[in-house]
**Q** 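I have a structure I would like to understand better, so I am pasting it below and will then ask my questions one at a time.
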Amino acid sequence: MDINFSKEDIAFRDEVRDWLANDYPKHVKEKTDSGITISKQDLVDFHKALSKKGWMGYNWPTEYGGTGWSASKLYIFNKELGLAGCPPILPFGVGMVGPVIYTFGNDEQKETFLPDILNFNTWWCQGYSEPGSGSDLASLKTKAVKRNDLDEEYYVVNGAKTWTTLAQNADWIFCLVRTDSSGIKQEGISFLLIDMKSPGIEVKPIITIDGDHEVNTVFFSDVKVPAKNLIGEEGKGWTYAKFLLAHERFGIAAVGSSMRELDRLKKIVNDIDNDDLRKKVGELEVSLSALEITELRLLSELENGGHPGAESSILKIKGTEMQQKISELFVEASGEYALMYPGPHGYGSNDKPAGPDYAANGLSAFLNLRKTSIYGGSNEIQKNILSKFVLGV
Amino acid sequence: MDINFSKEDIAFRDEVRDWLANDYPKHVKEKTDSGITISKQDLVDFHKALSKKGWMGYNWPTEYGGTGWSASKLYIFNKELGLAGCPPILPFGVGMVGPVIYTFGNDEQKETFLPDILNFNTWWCQGYSEPGSGSDLASLKTKAVKRNDLDEEYYVVNGAKTWTTLAQNADWIFCLVRTDSSGIKQEGISFLLIDMKSPGIEVKPIITIDGDHEVNTVFFSDVKVPAKNLIGEEGKGWTYAKFLLAHERFGIAAVGSSMRELDRLKKIVNDIDNDDLRKKVGELEVSLSALEITELRLLSELENGGHPGAESSILKIKGTEMQQKISELFVEASGEYALMYPGPHGYGSNDKPAGPDYAANGLSAFLNLRKTSIYGGSNEIQKNILSKFVLGV
Amino acid sequence: MLREQIQKFCESEYDFYKREDIVKSSEDFDSNVWKLFAEQGWLSMAFSEDSGGLGFGAIELSILFEEFGKSLVIEPYLATVVLSGSLLDKSSYPHKNELIEQICIGDMHISFAYAEASNSYDYLSVNTSLDSKNVLNGTKTLVLNGGNANKIISTCTDGNELKIVIFDTNTNGVSINSFSTVDGQSCAEISFENVQLDDKNIIASGEEAIELVNKTINLATLCICAEAVGCMESCYTKTLEYTKGREQFGQPISSFQVLQHRMVDMFIESELAKSLLIKAMLEVNNNSEDMTKHVSALKSYIGKAGKISAQDAVQMHGGMGVSEEMMIGHYLKKMISIDALFGNSDFHLKNISN
Amino acid sequence: MLREQIQKFCESEYDFYKREDIVKSSEDFDSNVWKLFAEQGWLSMAFSEDSGGLGFGAIELSILFEEFGKSLVIEPYLATVVLSGSLLDKSSYPHKNELIEQICIGDMHISFAYAEASNSYDYLSVNTSLDSKNVLNGTKTLVLNGGNANKIISTCTDGNELKIVIFDTNTNGVSINSFSTVDGQSCAEISFENVQLDDKNIIASGEEAIELVNKTINLATLCICAEAVGCMESCYTKTLEYTKGREQFGQPISSFQVLQHRMVDMFIESELAKSLLIKAMLEVNNNSEDMTKHVSALKSYIGKAGKISAQDAVQMHGGMGVSEEMMIGHYLKKMISIDALFGNSDFHLKNISN
C-alpha cells in the first residue's frame, strides 16, 4: 500500500503550484478568492490558459495531444487546482466527449473535433438526461430518424434533453438518441454530435433554487444532423455512454476544493468561537482526511494495474456529502444572517449588507450543491451499484 | 386535540402513586432502586401485589375481572409504574394469551385459565418464533397432528420455539402450531395452550450478549396436548395471532421508564460536567417529550373512537430507539469504566470495583436492550408496516 | 374550523403560481391578499378584545402558521401582526388601540427592530442609544419587512435600562436598506442618525420592556415553528405523491424500499414535531412558567428535523427538487430561514440543556 | 506476508469456539496460545533490535491488531507487549533487556498501571506518590491484565515530577483485585500501601517519563484502533454472509434494498476507517510531529463508526445478533471496550478541534 508520492510527483506538484502562482489568470483568481461569481469569459480565459500550458488534455493519451499523466499526477493536478480555488474544469469536452471520439470516432471526426477541444475553441454540453428519464437513462425517447436526400445522409432529431449544464454557452452537444425502438431499451441508442447552431434547437433555462441559471432543457424540433456526426455504429450508443461514465472519474471526490472550503470555514468558526460548530468542523476534517486517503488508495490500485471500478462510487457519495456538509456549516456559521439571500451573484459592491461576507456565498453554495447528490447517478443509484458490484447481491 | 388529563384521570394517577408508595413490595423497590437484578420470587411478589389491588387485569374488560380502564388510565398506570422503576408487567399471560382466551376461547377455557392469570398463579410464555422463522412468523414449522386414542382426542406436537422469554419459569406456553401444510402458509396454523410440565418438552437456555439467561429455545418431541386446549377453530390460529399483536399496544413506548432513566442520566451528566453529553441528553429529552405527546395523541384518537392502528409502529420504533440511546449515553458517561463488565448481576456486594455504580448497570442495559429493536416485529418490519398502511405503497 | 378556513383560502387564492407571481413582482407582498387577510379576520384574531381584536391566542396563531407553512405564504404576517402587533397589544402604551385598529383593517405595517449586528440572539443586549433628549442613534439589522413598514418599533437603551420606541419610518434620520430573504420575503438594515423622538414615542421601559421583548420573541418563535411543522408535513405528503407518480426502471419510485423507509422517517419526524408543537402552543397559551423551555425544545427539534426532511424531499424529487419552478425546493429555503431566525437549533438546545 | 501468517494462525488455532473455551475457562487467557505467539515471533517483533526484538514498528503492529480484531483475540498482547514492552524498549532503563527477553519468550507478563480513578484520560495527572525514601502509595485502576502480571509498571509522582517505576506484583503492600472486561479480557484495580522500592525500580523521571507515557499510550491507541478496523471489516463481511444465507418471506434478506444500502454504508465506513488507519500508522511509524493528531482523528472516527457498524451488524443478524453463542455480538462488546480505552470518540475529537 503506497499512499505517498514519488519524487517525480512532488516535482510535478511544484510545477502545478508554480503555474497557479504565475499563469493562472489573475482576474479569475481575484474573483474566486473574493467569492464573486465568474463570467463566461473568465471561464474561457481559465481553460485557454490551461491549453496554453498544454494541460487541457489532462486525461488524454499523448498520441491525441494529451498529457498522458499517471493517476497520481491527475490526482495532484486536480487537488492543487481545487486548493487554489480554481473553477472546476468543464468536463463535457475534454472529460467526456473527447475520450469517446478518440476511442470510437473515425479519423475525420478526430481531426475535426479533438484540436478544438484541446484549445477550448468549442464549448461542449451533454445531452443525456431527458425530462422524465432521470436516473433511468436508457429509457430515453429523443428520436433520430435517418434520411437520404439528394445523396445527403442525415438524421432528423426530435425530442428534448434536460439538466444540460451551461447549454446557453455551448457550441456543440453530444447526445444519446434513439434510432431504433423495436428491441430492448438499451439497444437502439446511438451517439450523435450536434451543432448547437442547427435550426430547430431551442434552449430553455431552468432556474435552480439558488436562483442561478446553470442548467437548461434543450428542445429538438426536426433538427437536421449530418450522418457523419454519428460516433461509431448506429445502435451502439449505450456502449459508448457506459464507457464515458466509467472513464469519468477525475476529480469526483473534489478533495482539493473541499479542503480549501473547510479551511476557510475553520477560520470563521474559530473567530466566532462556537463549540458546537468547532466539533462539527472537526468531524468533517477527519472525514475529509479519510476520503482523501481512500482516493489515494484507489489511485494506488489503479497504478498497480487494478480495476477499482465500482469502488469509485464511494468517492462520489462521500465527496458530494462532504461538499454539502461543509456548505451547510457555512450556513450555520452565518447565524441570523442566513436569512438574507440576494441570489447567486451577491449584492453587488454598492449595496453591501451588514453581516459576514460568507453568509450569502455560503447559502448560495448550500443551495447549489444540493444537485451534486442527485446528478451523475444519484447517491441512491451509487449505492445500488455498490450493492451489485461490491456486495454481490 | 386533547392531550390533557381529566380530573378523574388525575385522581387515578394519585391512586397509582399511592399504591406505589405504600403497597408496591418494598423489597422489590429497594432492589430496583439500587440497580440490583431481581429474582423470580420478586417478580411473583410484584405481580401478586398488583393482583391483590385488582389491577392485574389492567387491559381486560370488567366482565372477565379486568379493570375496564380507559386508554388514558392505561397510559397513566404504565407511565407511573415506569417512573417508579417497577419491573415491566409480564405481558405473556395478562397482555397476550388472556385476551385471546376471553375473545376466542370457550367457557371451559375461560374458567380454567383466566382466574389463574389474574391472580398470577400461572406463569405464561409465548411460543411464536421458531429457529429460522424470525420476522416471517407465518413460515412456522412446528407440527401438531391430531390423534384419537381410546376416545381421548389430542395433538402430538413436534418442533421448536425460540426466543421464548423466561420459559425457564413458565407453567404454560401458548403456541402457534401447524395443523395443515397443504394451503398457503398463513392457513393451517392453529393456536394451542400447552402445559410446560408435559413430557417431551425441553427448555434450552440462550445466553444473550449481556451474559443473562432470559430467553430460551423450547423443544417439543412428541408432546401430547389434549384437544380441548385448542383455542377456537383449527386453522384459524393466524387470525388470533394477528388479533393478539394488534391488541398488545400497552406500554410499547416505555415513556415512564425512559423518563426515569433519562432523569438519572441527567444527574450523572451534570455531575461529570461534560458538554458533549449534556447536549446529547438535551436532544433525548426533547425527543422523549415528542414521543410522550405522540402517544397521548394516539390515545386521544383511541378514546374518540379512532383506530390509529399502524401508527402505533411509531411508538415501537421511537420507544425502543429512545431506550437504546439512553443506555448508550450511560455507557458514554461511564468513560473508561465502560471497560469493566461483570455480567448482568453485578459484582456482588463484597467485590465492588472502583468507578461509578452506573457503569456496570449501564452496560448491562445497553447490551440487553439491543433486542428491543429486533423483537416484537423488528424496527425494519415496523417501517414496512408503516410503508404499507400509512404511505399506502 | 379556522384550519379549514385557511386551507380553503390557500387553495383558492394562494396556490404556488400565485405565490411565485408575488415573489417575482416588484412588491414584497400582494396588498390585495393582505386585504383579504383582513377580511377573513386573520389580522385581528390574535389581539385581545380590549385592543379591538378577536381575543384568540397562541393556539389559533399556531394553526394559522402551520397552514401558512404548507402553502409557503410570504405575506408579512409575522412582522406586522405577531412581532409588532402583539407587542403593542401586551404593552401599556396608551396609543396602542388606534395602531392595532389600523393593523386589523390592513392599513398599516409596523416592523419590530429587535436585532443588532453583534448581539447574536441576545436581544436584550442593545447598543442603539436613546439619550436624555430622546435622540435615537444606532443600527438595526434583519428587520423583517422593514422596507415596507409605515412605522418602526425599536429596542434601545438609555444607558441604564432597555426601552422600546415607536415612530414613523419617514422620520428624519431614518435610513432603510431593504434586502430579499431566502424564503422570498424581505428584511432591512435600518440606521438611526440623530432621530429626534419625544416621550409619546416610548412604548415601554425597564422591566416592562424586557418582558415585552421576551414574550414577543417567544410567541414569534412559536409561530415560525408552527410554520416549520406545516412545511414538514408538506414535504412528506408532496414527496409521497411525487414518488408514486414518478416512474423509473418501469415502476413508480415509491416501490423502492429505501425510499419507502425514508418517507416513513419523514412521516414519523413530522408527527413528532407536531406533538412538540401541540405541547408548546398549549404552554404558551396558558402563559405557563415553562413556556420558553417548551418553545426552545420545539425550535431545536424542527431546526434539525425540518432541514433533514426538506433535504430528503429535494433529494427524492431528483432534478425537480432543485428547480426553482417547483414548490419543493422552496420548503428547504423556508426551513433555512426558520432555523436562522430567533436562534438556531444548537442555540435552543443549549437553552434547555443548561 | 505478516498478515497472511496471522490470518492462517487465527483460522487454524484460534477460531470462535477456541476463543469461547478460553473466555469460559478459569484463566483469562491460554498460556499455550501465548507460547505459540512467542514461537511465531509476534511477541518480539515490535521491539528494537538493540533490545533483542525484530525491529518492526507501528505498521506491523497495526496489521497484527487488525487481524486480532477480526478474530477477537483476547490474549493480553496490548498489556504486556505494547504497553509495558514498548515502554521499556523506548526507555533508558538499564535492566530493560532482560525483561524484554522474558516477554519475547512468553515467560513474563507485565502490566502498565497508567490510570487513576479521577484523572479521566489525563494520564499525566497522577496522585500515586513516591516519597523521598522510595515508598509508594496510591491506587491504580483499570490495569489491563493486572491480575495475571508478574510485574507492574506504574506512574507516580514525587510531588515534583512524574516518575515511572517497575516492581514485582508480589512485593509487600501490593494488593490486586481483578475483574472481567466487557470484551472477555481482564483488568485490575491495584493499590499500593507503603510499598518499599529502591532506585533500581525507577525506569524514568521527569521529561523522559512524560514522553514515555505519551508515546506508549499513543502507540497503544493506534493498536486498538487497528483492532477496531478489523472488527469493522468483519462486521461487514459477516453480516453480508449472514444476510445472503438467511431466508425470510421466501427470499434471502440480502435482497431487501434497505439492508443492501445499510451494508453498503458498513462497507464504506470500513474502507474510510482503513484509510485513516493507514495514514495514522505511517505517521506513527515515521515518528512524525503530527502523529498524535492523526491517531486522535482515527480514534474519534472508529469510536463512532465502529459502534454504529457493530450495532447494525447485530440488528441485521436479528435474534442471532444478541446471542452470546454467535460471534457477531462480541464485536459490539469489543467496540465498546475500544471506545472506552484511552479516551472515547468525543474526547479525541476535542483533541483535534482545539
Side-chain angles (χ1 to χ4, degrees), chain B residues 129 131-139 162-163 185 205-213 215 272 274-277 280 324 328 331-332 334-343 347 351-356 359-360 363-364 366-375 378-381 383-384, chain D residues 115-117 119-121 139-142 144 177-189 191 246-250 253 256 258-259 262 303 307 311 314-326 328-330 332-333 336-347 349-350:
Chain B
S129 286
S133 75
S135 292
D136 183 9
L137 207 56
S139 69
T162 195
W163 306 113
K185 62 185 181 179
I206 297 173
I207 306 300
T208 44
I209 52 172
D210 55 339
D212 206 0
H213 171 207
V215 290
I272 60 178
N274 176 317
D275 277 346
D276 290 319
L277 278 174
K280 291 177 191 176
Q324 291 181 344
E328 194 173 345
V331 175
E332 283 190 35
S334 306
E336 290 180 283
Y337 288 102
L339 184 68
M340 289 200 297
Y341 186 60
Y347 287 94
D351 204 20
K352 211 169 167 319
L363 201 43
S364 169
F366 172 81
L367 294 170
N368 183 276
L369 288 168
R370 302 316 310 167
K371 69 180 182 211
T372 61
S373 52
I374 294 167
Y375 69 15
S378 73
N379 285 9
E380 288 79 12
I381 294 287
K383 288 192 182 178
N384 285 347
Chain D
E116 296 183 6
N119 62 7
S120 53
Y121 308 135
T139 301
K140 295 285 177 178
T141 190
L142 298 166
L144 296 173
N177 205 357
S178 187
F179 302 103
S180 54
T181 60
V182 62
D183 59 349
Q185 300 186 296
S186 75
C187 69
E189 183 153 277
S191 56
R246 170 78 169 162
E247 290 215 356
Q248 294 259 276
F249 306 104
I253 62 174
F256 293 112
V258 161
L259 301 194
R262 212 188 291 180
K307 244 195 297 176
Q311 284 175 6
V314 166
Q315 179 73 19
M316 284 189 266
H317 275 76
M320 290 297 151
V322 295
S323 166
E324 180 87 356
E325 274 169 55
M326 293 279 292
I328 201 75
H330 294 268
L332 178 58
K333 299 207 260 185
I336 294 290
S337 79
I338 290 175
D339 193 38
L341 275 170
F342 312 133
N344 68 10
S345 182
D346 281 344
F347 174 84
L349 190 56
K350 272 227 168 78

**Q** Is there a side-chain contact between D/K350 and B/D276 (heavy atoms, below 4.5 Å)?
**A** yes

**Q** Counting heavy-atom pairs closer than 4.5 Å to chain B, which one of D/H330, D/E325, D/Q185, D/K307 comes out on top?
**A** D/K307

**Q** List the residues meeting ring pair (Phe, Tyr, Trp, His ring centres under 6.0 Å) with D/F249, not counting sequence neighbours, and say none if there are none.
**A** none

**Q** Identify the heavy atoms of D/N344 and B/E332 that sit nearest to each other, and give their distance.
**A** ND2-O, 4.1 Å

**Q** Is any side-chain heavy atom of D/E324 closer than 4.5 Å to a side-chain heavy atom of B/T208?
**A** no

**Q** Please flag which part of D/F347 lies under 4.5 Å from any non-hydrogen atom of chain B: side chain, backbone, both or neither.
**A** neither

**Q** Under 4.5 Å heavy-atom distance to chain B, tell me which part of D/L144 shows up: side chain, backbone, both or neither.
**A** side chain

**Q** Does any backbone or side-chain atom of D/E247 lie under 4.5 Å from a heavy atom of chain B? Answer side chain, backbone, both or neither.
**A** backbone

**Q** By a 4.5 Å heavy-atom criterion (distance strictly below it), what part of D/A188 contacts chain B: side chain, backbone, both, or neither?
**A** neither

**Q** Between B/E380, B/K371, B/K185, which has the largest tally of heavy atom pairs under 4.5 Å with chain D?
**A** B/E380

**Q** Calculate, to the nearest 0.5 Å, the distance between atoms CD1 and NE2 belonging to B/I374 and D/H317 respectively.
**A** 10.5 Å

**Q** Out of B/A338, B/P131, B/S139, which one racks up the most heavy-atom pairs below 4.5 Å with chain D?
**A** B/A338

**Q** Which residues pass the side chain to side chain contact (heavy atoms under 4.5 Å, CB included) test with B/S129, sequence neighbours left out?
**A** B/S133, B/L137, B/T162, B/W163

**Q** So which of B/I209, B/D210, B/L363 actually passes side chain to side chain contact (heavy atoms under 4.5 Å, CB included) with D/K333?
**A** B/I209

**Q** So which part of B/I207 gets closer than 4.5 Å to some heavy atom of chain D, the side chain, the backbone, both or neither?
**A** both

**Q** In terms of heavy-atom proximity below 4.5 Å to chain B, should D/L332 be classed as side chain, backbone, both, or neither?
**A** side chain

**Q** Are the side chain of D/S337 and the backbone of B/L339 linked by a donor-acceptor contact shorter than 3.5 Å?
**A** no

**Q** Give me the atom names and distance for the closest heavy-atom approach of D/Q315 to B/N379.
**A** NE2-N, 4.3 Å

**Q** Quick one: what part of B/Y375 sits under 4.5 Å from any heavy atom of chain D, side chain, backbone, both or neither?
**A** neither

**Q** With a 4.5 angstrom heavy-atom cut-off, could you sort out which part of B/E328 is near chain D: side chain, backbone, both or neither?
**A** side chain

**Q** So which atom in D/L142 and which in B/E336 form the shortest heavy-atom distance, rounded to 0.1 Å?
**A** CD1-CB, 3.4 Å

**Q** With a 4.5 Å limit on heavy-atom distance, are the side chains of B/F366 and D/I336 in contact?
**A** yes

**Q** Does a salt bridge link D/D346 with B/K280, judged by any charged N lying under 4.0 Å from a carboxylate O?
**A** yes

**Q** Measuring only between side-chain heavy atoms, which start at C-beta, is B/L367 closer than 4.5 Å to D/V182?
**A** yes

